Amino acid sequence: MKHFLILCSLFFLVLIPLFNPGFYTSPDGPSHLTKIAYFYQSLQSGNFFPGWVQGLNNNLGYPIFFFTYPLPYYAASLFKFLSLGTIDSLKLVMALVTLSGSLGMYMWIYQVFRKKNLALMSAVLYLFTPYRFLDFYVRAAFGEVVFLGLIPWLFWSMEKSYFKTTSIITATLILSHLQLSAIFLPISFLFKHSLRAQILGLGLAAFFWLPAILLLPLTKFSQTVQFIPFEHLATLKQVIYSPWGFGFSKPGPIDGMSFQLGIVNWLVLFASTITALIKKNKFFLVAVTICWLSIILVTSSPFGFWKLPQVQTIQFPWRLLTIPLIFMPLLAVSLFSLIKSKLPIIILIILAIYTNRNHIRTNLPQFENFKDADFLMTNTTATATPDEFMPIILNSNTRFVFEKHNSIFYGRLISLVSLGILSYGFIRRNYRQKQV
């Protein structure tokens, strides 16, 4: 209970800016508010799998929800059905997944080490890592924020060997952010093998990812110069330290946002690296290698990695800073599990909070006096670039081509079958328990 109260106190501390009216200025915030409004409108009309939105793109229509992760918008729409406004719904989802992530990190680490003090330290490091504040208060990257609030629960579930729970969490991760799922799901195999459960999770989420992949060639996505990953490499100096800002990522070292790893994280990484080399512990070596590899890829393009067509959808190399965000607390706990005294743990927690104190702030307020209907009054496409998912051929028949595409039927069929398999597992388990 004591640790829960501490976490709740820190949770409210990092969310203080959300209590301000309106929504803060951010690159992605306006588009998310628009998408929430249209997603909710689609659900209201009885379309439970939104895809094509006729009101976007100067009322010519735009297939935005065939490609945009749906889970965050389902969650926000739920609160709109409970009579919350669009802005408050976005804020509440972001707040809840932040709490979810910190509790998930606590539960995962406690499951591995069975030490509450170490679990608390991991949750604090998760909350007070610069990249999490960058996603939350600078970019307002809705999908990434939701994904990061769920990923610790995947590792907890895998550690507990919960087959069905692992499948469900895998599906929610894919529905939260497809690119980050492609990064983290393969990494998860290095810690705990759960291939069957994750395949079932892929099946549960097939209604989204299968059409998203197969419909993409019908758009100008591959023809549109969006964000070239190679041009957005961070410098080593920026990862060590870069001033906090609310601007944009730009080609070269003139970015308006910070890509720093964090003082505490650097201390943990160096100490863990030395310990791993001395102890030759496989667990240590795997986690350390993953973190160093992510830093290398954030700052450089070995063997032309960021020019490969397969990685272009990641868009920004510095997005890989999500990897140390999740695994650095694990390294810290592994390191401090060798120390019996609580004092170093307390010092590390205080240092993490103190060095990130300036990140708990936002830019100028925005949309203070906006009504929900105002977010539907737009002529944009509500995407990062106007032509990102623009159909190659746009006419009166285009909507039909997208909505009746075979991938939608097969994707939903796979999801339905996967749901049946999952349900059968629950029914069978309950029947066995009753028999006993």
Side-chain angles (χ1 to χ4, degrees), residues 1-14 98-132 148-162 165 169 184 187-188 190-192 261-292 294 322-356:
M1 179 58 73
K2 178 177 67 174
H3 286 176
F4 179 74
L5 292 175
I6 293 173
L7 272 183
C8 284
S9 300
L10 294 175
F11 165 71
F12 282 109
L13 173 64
V14 300
T98 300
L99 177 61
S100 167
S102 58
L103 290 177
M105 185 65 71
Y106 183 98
M107 295 297 293
W108 171 33
I109 297 302
Y110 179 73
Q111 181 63 34
V112 176
F113 293 91
R114 295 294 178 179
K115 294 182 179 180
K116 292 183 178 180
N117 289 332
L118 295 178
L120 176 64
M121 180 178 69
S122 71
V124 173
L125 291 182
Y126 168 87
L127 275 176
F128 289 87
T129 288
Y131 187 82
R132 205 192 61 75
L148 293 174
L150 297 173
I151 187 64
W153 291 105
L154 176 69
F155 291 101
W156 167 81
S157 178
M158 290 167 58
E159 195 65 37
K160 296 278 286 186
S161 298
Y162 287 163
T165 306
I169 295 174
F184 274 91
I187 290 176
S188 67
L190 298 175
F191 292 89
K192 201 81 172 181
L261 186 65
I263 294 173
V264 170
N265 286 331
W266 277 115
L267 293 174
V268 168
L269 183 57
F270 279 115
S272 298
T273 303
I274 295 171
T275 303
L277 293 174
I278 294 174
K279 296 279 186 179
K280 295 183 179 179
N281 181 290
K282 182 181 178 181
F283 181 83
F284 253 125
L285 287 171
V286 169
V288 165
T289 301
I290 290 171
C291 289
W292 275 116
S294 67
T322 52
I323 295 174
L325 166 61
I326 298 301
F327 291 107
M328 209 65 77
L330 179 66
L331 280 178
V333 170
S334 301
L335 187 66
F336 280 85
S337 65
L338 305 173
I339 303 173
K340 294 183 179 180
S341 174
K342 293 181 181 179
L343 183 59
I345 296 175
I346 296 172
I347 292 174
L348 192 74
I349 289 174
I350 293 173
L351 188 60
I353 296 172
Y354 179 77
T355 54
N356 290 283

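Keep in mind the model is a prediction, meaning the values are calculated, not measured.
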**Q** Are the side chains of L118 and M121 in touch, meaning some heavy atoms are under 4.5 Å apart?
**A** yes
**Q** For residues S102 and A123, report the shortest heavy-atom separation together with the two atoms involved.
**A** O-CB, 3.4 Å
**Q** Mind listing the closest non-hydrogen atom pair of L261 and T129 along with its distance?
**A** O-CG2, 4.4 Å
**Q** Work out which heavy atom in L331 is nearest to a heavy atom in C291; give both atom names and the distance.
**A** CD1-SG, 3.9 Å
**Q** Is it the case that more than 12 heavy atoms not belonging to I353 sit under 6.0 Å from its CD1 atom?
**A** yes
**Q** For L154, is there any backbone N or O sitting under 3.5 Å from a side-chain donor or acceptor partner on S157?
**A** no
**Q** State, yes or no, whether a side-chain contact exists between P324 and N265 at a heavy-atom distance under 4.5 Å.
**A** no
**Q** If I take atom OH from residue Y110 and atom OG from residue S122, how far apart are they, to the nearest 0.5 angstrom?
**A** 12.5 Å
**Q** How long is the gap from CG on L120 to NZ on K115, to the nearest 0.5 Å?
**A** 14.5 Å
**Q** Within the 4.5 Å heavy-atom criterion, are R132 and T98 side-chain neighbours or not?
**A** yes
**Q** Would you call the rings of F327 and W108 parallel, tilted or perpendicular, where under 30° means parallel and over 60° means perpendicular?
**A** perpendicular
**Q** Roughly how far, to the nearest 0.5 Å, is the CG atom of L125 from the CG atom of L330?
**A** 11.0 Å
**Q** Side chains of residues 1-12: which donor-acceptor pairs under 3.5 Å do they make with residues two or more places apart or in other chains?
**A**
unit_1	atom_1	unit_2	atom_2	d
H3	ND1	Y106	OH	3.1
H3	ND1	K116	O	3.4
H3	NE2	N117	OD1	3.4
S9	OG	L5	O	2.9

**Q** From T275 OG1 over to F270 CZ, what is the distance, rounded to the nearest 0.5 angstrom?
**A** 13.0 Å
**Q** Is the distance between the ring centroids of W153 and Y162 less than 6.0 Å?
**A** no
**Q** Does any N or O in the side chain of Y126 come within less than 3.5 Å of the main-chain N or O of L148, such that one atom is a donor and the other an acceptor?
**A** yes
**Q** Within the structure provided, determine whether M158 and S188 are in side-chain contact (heavy-atom separation under 4.5 Å).
**A** yes
**Q** Return the OG1 to CG distance between T322 and L325, rounded to the nearest 0.5 Å.
**A** 7.0 Å
**Q** State whether the side chain of S272 and the backbone N or O of L269 hold a donor-acceptor pair below 3.5 Å, judged by distance alone.
**A** no
**Q** From I187 CD1 over to I323 CD1, what is the distance, rounded to the nearest 0.5 angstrom?
**A** 4.0 Å
**Q** Identify the two heavy atoms, one from S100 and one from G149, that lie closest to each other, and give their separation to 0.1 Å.
**A** OG-O, 2.8 Å
